[in-house]
Every structure is written in structure tokens, then in C-alpha cells.
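Okay, so here's the structure we're looking at.
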2 protein chains.
Amino acid sequence: MTNKPDIATIDAAHRPARVQTVADAVSLAIHEHRLAPGTKLGEDDLAEIYGVSRTIVRAALQSLAHGQLVEIRRNRGAFVAQPSPHEAREVFEARELLEPRTARSAALHATPADVDILRTHIANEHAAIAVKDRGRALFLSGRFHIEIARIANQATIAGFIETLIARSSLIIALYWRRESALCESHAHHSLVQAIADNDGQRAEELMRSHLVDLHSTLDLHHAAPTGATLKDILR
Amino acid sequence: MTNKPDIATIDAAHRPARVQTVADAVSLAIHEHRLAPGTKLGEDDLAEIYGVSRTIVRAALQSLAHGQLVEIRRNRGAFVAQPSPHEAREVFEARELLEPRTARSAALHATPADVDILRTHIANEHAAIAVKDRGRALFLSGRFHIEIARIANQATIAGFIETLIARSSLIIALYWRRESALCESHAHHSLVQAIADNDGQRAEELMRSHLVDLHSTLDLHHAAPTGATLKDILR
DNA sequence: GGGCGCAATATTGTATACAATCAGAAGACG
DNA sequence: CGTCTTCTGATTGTATACAATATTGCGCCC
């Protein structure tokens, strides 16, 4: 059994538990699209919701801001980030640079146990889709990519990918085209197969095409429909 | 004039000014090797030094911890990070993946003004070396790489590179071999030339070989000599 | 004399109180 | 009637006080 730290808890050890709890909760809500881009995250509100003081909430928000899930405007508060089309392009370019290489590496390192985990992820994803829980399906889809980075055993790059996927969730919330839908399942499935076969070359190619696919289903021109405050849309 | 945000201040806008001030000061001290890896960063000490409350110091330390310049151990305090040999390898692998591509992009985007900035950087670096201020030379050398990422106009990747360079500074502090020294100047010089010529291919290759060079001057086996506490070495 | 346990001290984690700043509404003026 | 000003309320920024936890030094027992 190799000693791979869990990516999701990579920062957890050195951050006070409650701060992490709040950060995780908000992060999850954003990933599941329960919090739309642009939504204001008032400190007092969050403090009350989670039963902690503003001190904790502030630390959590700063943590999220560092990962660019949240934008903090001085003296104005924290808001769920709204990546611009330019940022969206950057994020996907970065993913297309990092993830294929990482997928290859994962394919070469993967143990049967790792493959099992990936298959479980896919199963959960399907289950979520079956229940029409699109938010959760999206979250799990992201976790799938993160899991691959973890398997690759390069914590540094995995950390980068994790933040890119987090931002991708926001980008999808903003720029996803209705028409295209759950076309992903197949891509993930064949990717796991390549990894199970330890076929690095194929895993790399599949990941690349998967990302290009994903990128192409975005409509970076017609951004709009953040369901947030009307004010925010009109201003 | 293009509208490229200054990398160094990318987070500054949304972070309270004083927090950023403290974080920058500590970060600079680490980059210049005035703070050795493993050094304890007591909250009260820093608070007194910079004339702010622990609230500010804590926020600054958490920010630095996120960039992995500082390690925060629960209930135990903050310490200047000590990257392991494995981490060191990861960091340089990541740099070798990201920076050559970025250098190419920079070469294609660079304006004469950008080139001037780079040349100025090199001049400052030489000046620092002339005065035997090795710490500052190192800091400037890092900034040179960051500047290239900025010119490439990909803020996301530039941000990653920035954190990698910060960690590289720690790695150099820990694993640098005495024998090899200021061999870098030439590499930076020819790199600027390639960028000035808008020769992306050449810039990419030069950056790659420069990084491989740098990587090879590290001795990842004989780590030691952190001037910090004896305890820290022996434990 | 050496090792262990406990108390004293120091340091970090959290909550709260106060100050600074901003957003919005009422009112004055053109 | 619309625009600008000013004031009020709400929200964030900072400092401090208290609680929880770790570290250190002393004394005790073996």
C-alpha cells in the first residue's frame, strides 16, 4: 500500500478543524451549484448558519478566496466568483496542459485498488444522474478528475488541478450550453479502462480529447444567466 | 498597452492591506534566505515587529501557508516550510512542465517594453551579485521567472509558477550545492534574447534546459544544513 | 542519578467588542 | 421631476480578552 495523502485533506492537517469545516461546506455548495456565481456570502449569515464566530468564517472565506472560488472585495464582502470568459479559457488551457500528462502518470502508477475507487466514483455519478441530482453529478465528475491526479502521486500538480476543477465548476455554471448534456459518462468510462490497462499513452489522449470536448460545450459569448440578485445582473 | 495585472499584486486587491504587508515582508525574508527553513514564526513576535495585532499576523500566515511557504501545525504554530526531497522533485517537475510552455508563450506576446523590464531585472540581479547580496540575487532571479509568466498573459498558470518559484527558494536553501554558483546569468541573458526575437521555440528550449540545469545543481540526498534549531535537525 | 508525572508558563484557537467603511434612503436643491 | 447631498443602518476590518492546548521546568519516586 503506497502512502498517498488524500488530496482533499492535504491542507486539513494544519488548518483549524472548524475553519476547514466551513470552507468545505461552502465549497461543496458551490460545486453542487446550490450557490450561484455572484451570490453574496455575508459573514454574519455564515457564522449563524454554522454556529461559529465570524473569525472562523473569515478564515474560511480567505481560504476559498485563495482558490479563487470566492472573490473578496475590500470592505465589501465575499461573493461567489464569476470567472470571465477570458479566465474560463485560461482555466481550460491550463487543464489541457496539466491533466493529460497527469492521466498518463496515473495510468502508470495505478493499482487495482485505485481502479476500484475510480469505478466506484463513476457508479456514484451515474446514481446521481439517475436521481436527476445534476449538482451532485457535477461534483462527483470533478472528484473523478481529482482522484486521477491523486493516483498520479504528484501532490503539487494535483493541488493545481484541484483548484482548476473548482473553478471549472463555476465556469460550467456560467457558460454551459443547455443542449449538450451527460455525454461525459462514456469518456470517464474509457479513461478508467485505459488506466486499468496501465496504458499511459491512451489515457493521455483520452484525457486530452475529453477536456477539449468539455471546453467545446461551453458558450463563452453568451454568459449571463446567473440566477443571483437582479441587481447584480443589471448593474 | 495591454492590460496585464501585476502578478505580485494579483491577490492584493481583495486582501486587507496590512495582512498583505506582513505576508509580503515575511515572504521576502524567506525568499532572501534571511529566514531559514524550519524557523518558528511566533504570532506575538511578528505582531510586535510589524506593529499589528495577532489577527493580522494570523491571516498573513494562513495566506503564506496556502502557498506552502509556511507550514502551520495545529496548536503548535507556524514554521518556515522545509520541503522534502520528494517535494523538491515534484516542484521542479512541475516547473519543467509549465515554464517552458510559458516561456514560448511569452516570446510570442512580448512587447519591447516587456523586454526592457526583463533586461532591467537582469541588471539588478547583476548588481546584487556584485555587492555579494546573494539573498537578493536569488529573489530577483525568481522574479525574473515570474515576470516571464506575467508576459505570457496567462494569469492562472502564472499564479502556479509563482508558488512553485517561492517553494524553489526554500528548496535551494536546503539542497543547493556549494560548488555550483552564479552560472545562471548566461541562461537568463540568452532567454531574454530569444524572447526579444519572438522566437518561441528557442525560448521554450532555453527555459527547459535552464530548469534542468538548476534541478541538477541540487543535492537531494544530503539535505541538512538548516541553520534552525538543533532540535529540528535531530528530531 | 535518571526517569516520570505534574504544575507553571507560554502559545495558539476562538469569541466578542469596537472602529472604519460602505450601501441605501430620505430630504434639499436646481 | 430628477439629481445631488447627507444621514442612518448594516457590514466589514481590527484589536483585545478569554479558553484550549502544548511546552517547559520542577519535584518526586524509583
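The aromatic rings of B:Phe160 and A:Phe160 lie parallel to each other, with less than 30° between the two planes, well short of the 60° mark. Note on ring orientation: taking the six-membered ring where Trp is involved, the planes of A:Phe92 and A:His215 are tilted (angle from 30° to 60°).
Following rounding to the nearest Å, A:Arg18 (CZ) and C:dT12 (C1') show an atom-to-atom distance of 14 Å. Across the protein-nucleic acid pair, A:Ile56 atom CD1 and D:dA19 atom P stand 16 Å apart, rounded to whole Å. We find that CZ of A:Phe79 is positioned 8 Å from P of C:dA23, with the value rounded to whole Å. Summarising the geometry, the separation between CZ on A:Arg58 and P on C:dA15 is reported as 15 Å, rounded to the nearest angstrom. In this structure, B:Leu46 places its CG atom 9 Å from P of C:dT12, rounding to the nearest Å. Rounded to whole Å, atom C1' of D:dT14 lies 17 Å from atom CD of B:Gln20. Counting to the nearest Å, the C1' atom of D:dT14 and the CZ atom of A:Arg54 are 10 Å from each other. Atoms CD (B:Glu43) and P (D:dA22) sit 15 Å apart, rounded to a whole Å.
Taking side-chain N and O atoms only, A:Ser53 has a distance below 4.0 Å to OP1 or OP2 of C:dA15. Neither OP1 nor OP2 of C:dA10 sits under 4.0 Å from any side-chain N or O of B:Lys40.
Counting distance only, with no hydrogens placed and no angle test, the side-chain atoms of B:Arg76 and the base atoms of C:dG13 include no donor-acceptor pair under 3.5 Å.
Scanning both residues, A:His31 and A:Leu138, for their nearest heavy atoms gives O-CD2, 4.2 Å.
Checking A:Asn75 against B:Asn75, the closest nucleotide of DNA chain C that is more toward the 5' end is the one next to B:Asn75. Between B:Ala78 and A:Val52, the one whose closest nucleotide on DNA chain C sits nearer the 5' end is B:Ala78.
For the pair B:Arg18 and B:Tyr50, the NZ or CZ position fails the cation-pi test of under 6.0 Å to the six-membered ring centre and within 45 degrees of the ring normal.
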